[in-house]
Every structure is written in C-alpha cells, then in structure tokens.
Amino acid sequence: MLTLMLAAAIAASSPVLRPDNIPEIVSLLTLEEKAAILVGCGSTAFDGIGRNDVGVKGSAGATHAIPRLGIPSIVLADGPAGLRIDPTRPGTDKTFYCTGFPIGTMLASTWNPGLVREAGQAMGNEVLEYGVDVLLGPGVNIHRNPLCGRNFEYYSEDPVLAGETAAAMVDGIESNGVGACVKHFAVNNQELNRLHNDARVSRRALREIYLKVFEIAVRKSQPWTLMTSYNYINGTHASEAPWLLTDILRGDWGFEGTVMTDWGGGYDTAAQIHAGNELIQSGSDARYNALISAVKEGRLSMADVDRSVTRALELIVKCPAYRGYKHSDAPDLEAHAAVCRKVADEGVVLLKNEGALPFGPSGTTALLGVTSYAFIAGGTGSGDVHRPYVVDLQQGLADEGFTLEGGLDQFYTAYMQDERWRCAMVDGKNSWVIDRERPIEVVPVDLIRAAAESADRAVVTFGRVFGEGKDRDLYHSYLLQDRELQLLRETSQAFRSRGKKVTVILNIGGVVEVDSWKDLADAIIICWQPGEEGGHTVASVLSGEVNPSGRLPMTISRRYEDEPSASNFPLIYADKPFNYSFYRRLEGNKKDYTVKDIDYTDYEEDIWVGYRYFCTKAPRRVAYPFGYGLSYTSFKWKNMKVEEAEGGWKVRVDVTNTGKRAGKDVVELYVSAPGKDMEKPARELKAFAKTPELQPGETCTVEMTLAESDLASWSEASGAWVTEKGRYRLIAARNAADRGLRRKIRI
Ligand code: BGC
C-alpha cells in the first residue's frame with residue numbers, strides 16, 4: 001500500500017517529456033528504464049517495463065514506452081518501396097493495404113529527384129495515416145555486383161546518383177512529420193552470410209564509393225535515423241565501430257539523428273552503444289540484460305548510455321506518437337496509385353528500338369511469356385509491400401485499348417490459372433518468402449507460328465524476382481533460362497521472318513545478361529519492378545503515350561565475368577540449393593576467416609566499381625553503359641557554359657527537342673581529373689539534370705552545380721580529402737560512354 005501511495009505521489013510530481021526538458025528526463029530515468037528505451041520491444045515482452053502493444057500489426061519493431069515520464073512507444077516499419085504492414089487484422093473486415101511503389105532501382109532510373117521526393121511524400125503519408133513513426137528506408141547501398149539479392153531495394157552503382165535520390169526520398173517521407181531511416185550503414189553488398197561477412201575494403205573506396213552515398217544523403221537531408229548494417233567492415237562489426245558511427249558520421253558529416261541496428265544485428269550490445277548506435281532493434285531480453293550488466297560491471301559508462309538515451313528521446317519527440325497524432329487508417333490509396341504510376345512512367349529504360357516502338361493500340365499484339373500475365377511489382381523480404389493489386393501487362397494493354405491475339409491470350413489465361421494455383425501452394429508453405437515461386441515458362445510453338453500469321457507484332461516479357469537473405473544465382477537469375485531463350489528464338493524467327501517486330505520487356509529487380517540475345521529483338525525495354533501499376537506503365541510506353549526517359553543507374557556488362565567484382569563475390573548455383581546452414585555463425589565472440597567471399601570478402605576492385613572500372617579499364621566489355629537510355633524523340637545539346645560561382649562552378653547546357661514527340665532528356669555531368677598525383681577514373685559523375693517535358697522544337701537550359709570539394713579524392717597517404725591541382729575536363733554526356741560536350745577548368 002505504502003509503495004502504491006509512493007508511486008502515485010512520484011507520478012503526480014514527475015515531469016513529462018518535452019523537447020526542451022530531455023536532460024531532466026534522462027536524469028529521472030532508472031537504468032532499467034534507459035535500457036528499455038534503447039532496446040526495442042522485439043518479439044518478446046519485458047515483464048513489467050513499459051511493454052506496450054501499441055505496435056501496428058505487421059510493422060517491424062517498436063520502442064518501449066515509459067508512461068510515468070510521458071515517453072511513448074514509437075513504431076518502426078519497412079521499407080524502401082512503400083510501407084510494409086499486415087493488410088488484414090483479426091476482428092475486422094477493414095483492410096490496411098499500402099501502395100506498392102516502384103523498387104529503389106527504378107526510382108533512381110528516373111534521374112529525377114523531384115519526382116522521387118513526390119513518391120517519398122506519398123509513402124510518408126501512408127506511414128503517418130497508418131500510425132507508424134519511422135519508415136525503414138531508403139536502402140542506399142551501392143550496386144557493387146549485379147548478383148546481390150537486395151540490389152532492387154538499392155539505387156545505383158554510383159554514389160552521386162544514389163545519394164541525390166536518397167536525399168530526395170528522405171525529404172519526401174519526412175515532409176509528413178514522420179522519420180525516414182537510411183540503411184544499411186555501411187558496405188552491405190552481399191546477402192550470403194550477411195550477419196558475419198567481413199567486407200575488407202580500402203579507406204579510399206570506403207570514402208569515395210561506399211560511404212559517399214551516405215555522406216550525400218546525410219549532408220543534404222539530415223535524416224531522422226540511420227540503420228547500421230549486419231556485416232563487419234575491416235574486422236569490426238558496423239554497429240560496433242566508433243570510427244564509423246562517431247568519428248565519420250557525426251564528426252565529419254555532422255549527423256544529428258539517431259542510429260539503430262539492423263534487426264538482431266551485431267554481437268556486443270555495450271560496444272554498440274559505446275560506438276554510437278543508440279537503438280538496439282528489434283530487441284530481446286538478452287540484449288536488455290546485456291546492457292544492464294555491462295553498466296553494472298563497468299564495461300559501459302553511464303555517460304554513453306545517457307548520450308544514447310538523449311538521442312533516442314530527441315527522435316521520439318519528433319514522432320507522431322509523441323504528438324498524439326490521430327491516424328485515420330485510411331490514406332488516399334487512389335491518389336498514391338497515381339503517384340506510383342507517374343514515377344514508374346519516368347523510370348522505364350528503353351535499351352533498344354529498331355523501328356519497333358511505339359506501336360499504338362491499332363492492330364493485334366501477340367503477348368508472350370508467363371510474366372506478361374503475372375507481372376512482378378517488387379522484390380521479396382522486408383522490401384516487399386502488401387499492395388492492394390498488381391496490374392499485369394495483359395490487363396494494362398486491355399485497359400489501353402490494345403487487341404491481343406486470341407489464340408495466345410486464351411492459352412495463357414488457362415495455363416496461368418493452373419500455374420497461379422501451383423505457385424500459391426508452394427509459397428503458402430514458406431513463412432518468409434525469399435524465393436517467390438514463379439510460373440514455369442512455356443513455349444507454345446504452334447500457337448506462336450499461328451500468331452505470327454495473324455498478329456501484327458510480338459511482345460515477350462521475362463521476369464526476375466529475388467530479395468533479402470539470398471544472393472542471385474548466376475545461371476537461373478542472371479542468365480536467361482533455356483525455355484526463355486527458346487521462346488524468344490521461336491518468336492523472333494516466326495515474326496521477324498514475316499517482317500513483324502519483336503519487343504522484349506524485362507520485368508526485373510536487377511540486371512540480367514542481355515548481350516548474347518539482344519539481336520533476337522527489335523526493341524528492349526526495362527520496366528524494372530514498377531510497383532502495383534506496372535502493366536499500365538508498360539502499356540503507355542508501348543503505345544507512345546509515355547515517352548521513355550529513364551536512364552540506367554548501373555552498367556550492363558557483356559558477361560558476368562567482366563564485372564570488376566566477379567572474382568570476389570559468392571556464386572550461388574541452383575543445382576546446389578542455397579541452404580541457411582551455409583551461413584557461418586560466430587562461435588562466442590570469435591570471427592571465422594576460413595572461407596573467401598563468405599567469411600570475408602576482399603574488395604580487390606577497390607574504387608573501380610561499375611562504370612569507373614569499365615570507362616577506365618575495359619570500355620569494350622560493356623553491353624549498355626551506365627546512364628544509358630533511349631527516347632522516342634531526339635535531342636540536340638549546345639552552348640555548354642561553365643561559370644565560376646561561390647566555391648565552385650555553374651554548368652549550363654541548352655537542350656532542344658529536335659524530334660517529333662514531346663519528351664524529357666537527362667544531362668549527366670562527368671569530371672575527368674588530371675590523375676597525375678593519384679590514379680583516377682577516366683570519368684566520374686558529379687551532377688545531373690533532367691529537363692522538363694520539351695515539346696518538339698522547344699529548348700530549355702539545364703543548370704548543374706559543381707563544388708570544388710566534389711573534385712577531391714581520398715588520399716590513403718594523408719588520410720584526408722585532397723584536390724589535385726591541374727586541368728580538369730567537364731563532360732556533359734548522355735551516358736558514361738558518350739563523348740559528350742567538353743570544357744576545361746583549372747584548379
Ligand atoms: C533487414 C532490414 C529491415 C529489418 C526490419 C532486416 O532483416 O535487413 O532492412 O529493415 O529487417 O524488417
């Protein structure tokens with residue numbers, strides 16, 4: 001009784017959390033309460049301490065509330081292509097679907113940060129209206145190797161394109177008064193053994209490539225939160241590395257937000273808190289106890305704990321949960337579907353077009369490939385979204401008024417009914433679906449030959465889906481499979497021998513090999529995984545209603561073996577099925593260094609990632625260069641002007657639409673350094689600009705800025721950014737392999 005009265009008296013006199021009394025609140029928290037704030041709710045409750053069941057169903061995690069001091073729980077949910085929560089809840093017929101936006105790679109393919117911001121704004125609104133506080137995205141890791149299973153969530157092989165896209169996404173999400181979480185910091189470039197792989201990488205490659213993308217995002221958008229990665233970097237776990245989280249992130253870049261671990265990531269809770277990793281997610285009793293014991297045993301200082309709690313509270317006071325926001329559970333999904341479509345329309349990349357496109361809805365189209373009838377909206381794992389629907393190409397074409405060739409249409413409709421059922425049966429058995437079962441490709445030879453007589457053209461779609469927890473298999477994911485090749489050969493032979501064109505649509509989350517079969521098609525389009533409105537987007541591109549303006553955010557090399565990291569990346573073969581036991585676990589605190597590319601991965605290619613390598617060392621090994629993409633119209637560039645401006649230069653180029661259709665163009669600004677003091681890539685992207693839609697004959701001037709600091713390279717010798725003196729060439733180009741317009745500047 002006495003205890004109860006005492007507790008009531010304390011509660012009555014306790015202050016409640018406010019943005020301006022955080023130090024006082026920290027001083028009033030017990031060690032147990034501090035640990036409860038820092039260690040997330042996880043899947044098990046901590047008896048008695050601020051446990052709440054507020055979390056939104058299907059969200060990823062939450063922090064504990066401390067009601068006596070007015071500290072609410074905040075809810076964290078994935079992810080990069082839209083909010084991921086459960087679409088249904090027990091006891092209600094109401095649904096909680098979220099818009100399935102285009103995957104990260106497609107957002108970057110727009111080369112239009114303004115548009116990416118719009119997508120972020122719509123995503124953030126769903127976060128707010130469904131009662132979530134922080135969205136666990138964007139994912140910004142560099143596309144080091146095309147087989148990384150999570151590349152679809154990520155943006156690009158280039159840190160400037162990825163960093164600018166990330167900053168726009170963060171701004172868009174956070175314009176709603178909810179948090180974004182830039183992940184996975186850092187060097188998280190493979191899924192195999194992702195919890196324990198040690199990425200061994202030079203300081204220069206870290207600074208110029210793998211950290212640069214985070215640096216740009218942090219400096220430009222100051223995100224509320226950042227998520228550390230699962231892997232080790234040069235022997236230290238990313239979440240336990242003070243040099244990364246304190247010296248570089250906060251010291252060099254001025255990050256003011258809160259850092260959280262990836263789910264269950266890292267080993268030593270005390271080391272994580274000490275390093276500057278505030279929130280331990282998703283949390284467990286073991287982590288909570290470990291934190292308390294570390295303080296009691298003197299292995300973790302109270303100063304470290306208080307600093308972390310302060311940063312956690314600084315995040316909490318910004319969140320909707322703290323503001324007491326009354327969410328509606330009813331965001332405007334229709335309006336957001338329109339945003340999804342608009343963004344996807346600009347991310348489509350036209351790789352090849354020899355008089356095939358656009359073809360408009362007149363005539364009859366033979367639609368082939370199982371993926372045309374089962375479009376892939378996004379990838380798997382935490383980057384997936386429970387979207388209300390997916391428009392496939394069959395539907396999209398019908399909605400645009402196209403007539404489909406009847407024989408094939410009937411055949412596929414029946415075949416797909418069975419295949420859908422089979423896939424649902426297989427997927428139903430997996431709780432965490434990494435490999436989503438796909439319909440088996442089929443080659444209806446007689447129907448193809450008949451269709452070549454009656455139809456006016458053929459469209460063949462190939463699809464790839466993959467995701468978190470597993471890298472891609474070279475033979476079955478990167479290369480076209482035998483049946484796919486057979487389908488393409490039959491179609492190409494039947495249609496082209498009659499003078500009819502064949503278009504291939506690639507509905508993929510990452511690069512596939514194109515070089516060996518591209519001559520079998522008259523046109524090739526990459527529509528990536530375009531979100532829920534995909535079929536409409538592709539139909540609009542085929543009809544010409546949308547003029548493609550996407551550009552590749554990565555290089556497509558001729559063969560996998562040509563990739564600069566090919567000899568330092570784990571190869572997975574489907575005939576030796578992936579097995580989780582292949583993950584090599586820590587024994588105690590011991591890190592194993594036995595198996596190359598699994599226990600550790602040597603980044604031997606150093607800074608020579610993507611086009612930096614191909615442009616400088618292997619220009620002929622490229623099928624389609626970084627930054628590449630065609631249009632249905634043509635553009636002429638002139639008057640490249642470089643003018644000195646505060647701390648750098650302004651670069652302007654006049655772009656004129658010289659063709660017959662309205663369209664958008666992208667100007668990519670590369671810099672070629674003198675490269676005398678240290679080896680430099682032949683060119684590096686420093687800025688880019690997308691034009692507004694230009695009508696035929698219309699001209700606009702795009703302007704890009706370049707800071708002198710953008711020219712610096714990381715010197716291993718001096719451990720600092722160094723700008724070489726001499727003459728630099730500025731190149732305004734259409735892609736990394738285009739000669740472009742050139743001007744010189746002198747430092
Ligand atoms: C992923 C993160 C994700 C988290 C929560 C982890 O497995 O690596 O990207 O945000 O789960 O779902």
Side-chain angles (χ1 to χ4, degrees), residues 39-43 55-63 74-86 98 101 103-105 123 127 130 132-142 148-155 162 166 169-170 173 178-197 199 213-214 217 223-233 237-239 257-267 272 277 279-284 287 378-386 430-434 466-471 509 580 583:
V39 180
C41 295
S43 48
V56 174
K57 194 161 178 297
S59 60
T63 64
I74 59 168
V75 177
L76 322 166
D78 286 304
L83 178 65
R84 175 183 166 82
I85 56 171
D86 286 356
C98 300
F101 289 91
I103 55 167
T105 302
M123 272 183 212
V127 173
Y130 278 131
V132 172
D133 296 281
V134 177
L135 183 69
L136 303 174
V140 306
N141 296 91
I142 292 292
C148 171
R150 293 189 86 172
N151 275 358
F152 75 97
E153 297 182 59
Y154 305 149
Y155 292 136
M169 176 51 76
V170 170
I173 294 168
V178 298
C181 179
V182 179
K183 66 189 189 183
H184 308 88
F185 190 53
V187 210
N188 192 175
N189 304 109
Q190 75 181 58
E191 288 301 282
L192 187 56
N193 199 23
R194 64 180 178 154
L195 298 179
H196 308 302
N197 174 263
V213 47
F214 289 94
W224 288 14
T225 75
L226 214 98
M227 187 191 292
T228 46
S229 55
Y230 282 133
N231 51 285
Y232 289 68
I233 306 172
H237 197 280
S239 65
T258 309
V259 177
M260 69 181 81
T261 61
D262 198 344
W263 269 226
Y267 179 77
Q272 290 176 318
N277 192 128
L279 300 179
I280 310 297
Q281 283 294 336
S282 60
S284 64
R287 297 281 184 162
T380 64
S382 63
D384 200 0
V385 177
H386 298 292
N430 299 336
S431 55
W432 175 255
V433 186
I434 293 170
F466 40 87
E468 181 180 350
K470 182 176 174 184
D471 293 311
Y580 275 103
Y583 271 74

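Note that ligands are numbered from 1 as they come in the structure, with each ligand's atoms numbered from 1 the same way. Note that the numbering runs from 1 along the sequence shown for the chain.
Using a 4.0 Å cut-off to heavy atoms of His184, the atoms of ligand 1 that qualify are 2 (C), 8 (O), 9 (O). Near Asp78, with a cut-off below 4.0 Å to any heavy atom, the atoms of ligand 1 are 3 (C), 5 (C), 10 (O), 12 (O). Set against the non-hydrogen atoms of Ala60, the atoms of ligand 1 under 4.0 Å away are 5 (C), 12 (O). Interface atoms of ligand 1 facing Arg150, defined by a heavy-atom separation under 4.0 Å, are 1 (C), 2 (C), 8 (O), 9 (O). Close contacts between ligand 1 and Arg194 involve ligand atoms 7 (O), 8 (O) [criterion: under 4.0 Å to a heavy atom]. Residue Leu136 has at least one heavy-atom neighbour below 4.0 Å for each of these atoms of ligand 1: 10 (O). Atoms of ligand 1 found under 4.0 Å from any heavy atom of Met227 (numbered from 1 in listed order, with element): 10 (O).
Here's the thing with Lys183: one of its N/O atoms is less than 3.5 angstrom from an N/O atom of ligand 1.
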Evaluate side chain to side chain contact (heavy atoms under 4.5 Å, CB included) for Asn197 paired with Leu192, printing each intermediate quantity in order.
-> CA-CA 8 Å; Asn197 174 263; Leu192 187 56; over 6 Å; no
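Scanning all heavy atoms of the two residues, the minimum distance from Cys148 to Asp471 falls at CA-OD1, 3.4 Å. The two residues Pro138 and Ala180 make their nearest non-hydrogen contact at CD-CB, 4.5 Å. Contact between Asn277 and Val259 at its shortest, heavy atoms only, is ND2-O, 3.6 Å.
Under 4.0 Å is where a charged nitrogen must lie from a carboxylate oxygen, and between Lys470 and Glu191 no such pair does.
Residue contact check for ligand 1: Glu153 places no non-hydrogen atom closer than 4.0 Å to it.
Neither the backbone nor the side chain of Arg84 has any atom closer than 4.0 Å to an atom of ligand 1 (non-hydrogen atoms only).
Aromatic ring orientation, His196 versus Tyr232: tilted (interplanar angle from 30° to 60°).
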